Amino acid sequence: MELKFLIHIQLVWLLLINFSCIQAKQEDQVNQYKSTAKHTYLANYDLRGDFDIILNGISIRSNRKDGVISGNEYLNPFISKKGIQSITLIVKSLNKHTKITPREVKDYFIDIIYTENGEPAPVNQVKRCSFPAIGHPVDSLIHTWTFDADVSYTLEGLDNSQDFTKEDPAKLLSEVLACYKNVHQVIDQGNSDEYLQLYKKSREREMISMYYDAAKQKEYLQSIAQRVVSSKGEMQPLKSYKLFIHPNGKLVSLITDDGLAPLFAKDKENNLKTYGLELHRVKENNKLEIY
């Protein structure tokens, strides 16, 4: 009887110790989740002339006009999961008769930075992407760098999308133009509900990657809806466009000769509202979808 009692006491202690360990482990996991910073990555640039910034094979910023362009491009919507990311900078001379000199190379760079938990500061430096030195003047510069992104989400990305470079360009242009005309009509009618439905997956990807909570998501979607409503009857005709396939081959869009989006509204004061539209083709259904 005493032996059974001792065994019972030992089992109780073992259960208590095991429960305490499990509880401590769960608390550690909760605390770890709470302490994990939500990193928002940006590309900070101050570039002159003709340039393209490409993240993971997706063109995220381009310019074809003279002058200096400065900005901060959010990178999270183009980062599908944590790990190594690639960023490419292409710089060309706008003037056919001038070249980029060895001295000018140092003026072209991108700073990869991040902030935490949606706060504007402090800003943390990840990497400065600067070109290697050159020994003589050149027509263009191109280089790719990598950086490690620590994000707490996983997105579907474009792994299940087809390669547009293997398609007939004329037929593809016709398909893409039809999609653009449809979106153009929806915006020109001020139909915000249909617009949000068309861009549903795209907005979900953006909101997840930017760590929006329910309140922020509601605010964001309402602002988009209001923008569409305010563009009613002000959409400009689609013209001077050409087909553009992103470097990864899996996204396609229309751009102007200046590298701009041809979907835009213009009000009486000549204020512009530009609408982006990137398309991909999912392997299973073979249809173009908004990314």
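No hydrogens, no waters, no symmetry mates; every other heavy atom, side chains included, goes into these values. If you're wondering where the values come from, they're calculated on a predicted model, not measured in any experiment.
Residue P102 comes nearest to P137 through the heavy atom pair CD-N, 4.0 Å, listed as atom of the first residue, atom of the second, then distance. The nearest pair of heavy atoms linking P262 to Y180 is CG-CE2, 4.1 Å. Taking each heavy atom of A225 and S192 in turn, the nearest pair found is O-CB, 3.6 Å. Nearest approach of K283 to S161, heavy atoms of both residues: CE-O, 3.4 Å. Here the shortest heavy-atom pairing between N160 and E156 reads CB-OE2, 4.5 Å. In plain terms, the two heavy atoms of S62 and G259 that are nearest each other are OG-O, 3.5 Å.
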Which pairs of donor and acceptor atoms, one on a side chain in residues 236-243, lie under 3.5 Å apart (sequence neighbours left out)?
from	atom 1	to	atom 2	distance (Å)
Q236	NE2	E234	O	2.8

Please output the side-chain donor-acceptor pairs of residues 65-72 that fall under 3.5 Å, not counting sequence neighbours, one pair per line with the distance.
from	atom 1	to	atom 2	distance (Å)
S70	OG	D46	OD1	2.6
N72	OD1	N44	ND2	2.8

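Side chain of S93 to backbone of T98: a donor-acceptor contact under 3.5 angstrom is found. A donor-acceptor pair is defined here as one N or O able to donate and one able to accept, closer than 3.5 Å; no such pair exists between the side chain of N117 and the backbone of E119. Under the 3.5 Å distance criterion, the side-chain polar atoms of Y114 are left unmatched by any main-chain donor or acceptor of K38.
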| query | Step by step, would you call N191 with Q185 a side chain to side chain contact (heavy atoms under 4.5 Å, CB included)? | reply | CA-CA 9 Å; N191 192 337; Q185 182 180 36; over 6 Å; no
| message | I79 vs S209, test: side chain to side chain contact (heavy atoms under 4.5 Å, CB included). Steps then yes/no. | response | CA-CA 8 Å; I79 296 174; S209 68; over 6 Å; no
| Can you list the steps and then say if D52 with R64 is a salt bridge (charged side-chain N to carboxylate O under 4.0 Å, His left out)? | CA-CA 9 Å; D52 292 274; R64 301 291 178 265; 2.9 Å; yes
| task | Could you go through the side chain to side chain contact (heavy atoms under 4.5 Å, CB included) check for I110 and E73 one step at a time? | result | CA-CA 11 Å; I110 302 171; E73 293 293 324; over 6 Å; no
| request: Check the pair K99 / V138 against side chain to side chain contact (heavy atoms under 4.5 Å, CB included), numbers first and verdict last. | output: CA-CA 5 Å; K99 294 180 180 292; V138 295; 5.9 Å; no
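Between I87 and T144, every side-chain heavy-atom pair lies at or beyond the 4.5 Å cut-off. When side chains are defined from C-beta on, K273 does not count as touching N271, because their heavy atoms never get closer than 4.5 Å. No side-chain heavy atom of L155 sits under 4.5 Å from any side-chain heavy atom of F78. In this structure, N76 and Y74 have side chains that are not in contact, with every pair of non-hydrogen atoms separated by 4.5 Å or more. By the 4.5 Å heavy-atom criterion applied to side chains, H39 and E116 are counted as neighbours. When side chains are defined from C-beta on, L221 counts as touching R203, because their heavy atoms get closer than 4.5 Å. Considering only heavy atoms from C-beta on, N248 stays 4.5 Å or farther from I54 through its side chain. A 4.5 Å side-chain heavy-atom check between L75 and F147 finds at least one atom pair inside the cut-off.
Rounding to the nearest 0.5 angstrom, the gap separating the CD atom in E278 from the SG atom in C179 is 12.0 Å. For the atom pair CG (L89) and CG (L55), the distance works out to 12.5 Å, reported to the nearest 0.5 Å. To the nearest 0.5 Å, atoms OG (S223) and NZ (K218) are separated by 13.0 Å. Here F164 contributes atom CZ and S253 contributes atom OG; the two are 10.0 Å apart, rounded to the nearest 0.5 Å. Expressed to the nearest 0.5 Å, how far CD of E194 lies from CD1 of I187 amounts to 10.5 Å. Note that NE2 of H280 is 9.0 Å distant from OG of S202, once rounded to the nearest 0.5 Å.
When the options L158, I60, I58, V252 are evaluated for a side chain to side chain contact (heavy atoms under 4.5 Å, CB included) with H246, the one that passes is I58.
Connection of L251 to I255 is not established within any shared hydrophobic cluster, with ILVMFWY side chains joined at heavy-atom distances below 4.5 Å, either directly or through further cluster members. Residues F109 and Y45 are members of separate hydrophobic clusters, defined by side-chain heavy-atom contacts under 4.5 angstrom among Ile, Leu, Val, Met, Phe, Trp and Tyr. In the hydrophobic clustering of this structure, I224 groups with L198; members are Ile, Leu, Val, Met, Phe, Trp, Tyr whose side-chain heavy atoms approach within less than 4.5 Å, directly or through other members. Using a 4.5 Å cut-off between side-chain heavy atoms of Ile, Leu, Val, Met, Phe, Trp and Tyr, with links allowed through other members, I90 and L141 fall into different hydrophobic clusters. Under a hydrophobic clustering in which Ile, Leu, Val, Met, Phe, Trp and Tyr are joined whenever their side-chain heavy atoms come within less than 4.5 Å, directly or via other members, I208 and Y211 fall into the same cluster.
Between Y108 and F131, the ring planes lie perpendicular to each other; the angle is over 60°, past the 30° to 60° tilted range.
With hydrogens and angles left out, the side-chain atoms of N286 and Q162 include a donor and acceptor closer than 3.5 Å. For the residue pair E206/Y220, the side-chain donor-acceptor check at 3.5 Å is satisfied. Remark: the D258 side chain and the T256 side chain contain no N/O donor-acceptor pair separated by less than 3.5 Å.
Cation-pi contact between R205 and Y291: present, with separation from the ring centre below 6.0 Å and deviation from the ring axis of at most 45°. Both tests do not hold together for R227 against Y195: distance to the six-membered ring centre under 6.0 Å, angle to the ring axis within 45°.
We find that K171 and E175 are not joined by a salt bridge, their nearest charged nitrogen and carboxylate oxygen being 4.0 Å or further apart.
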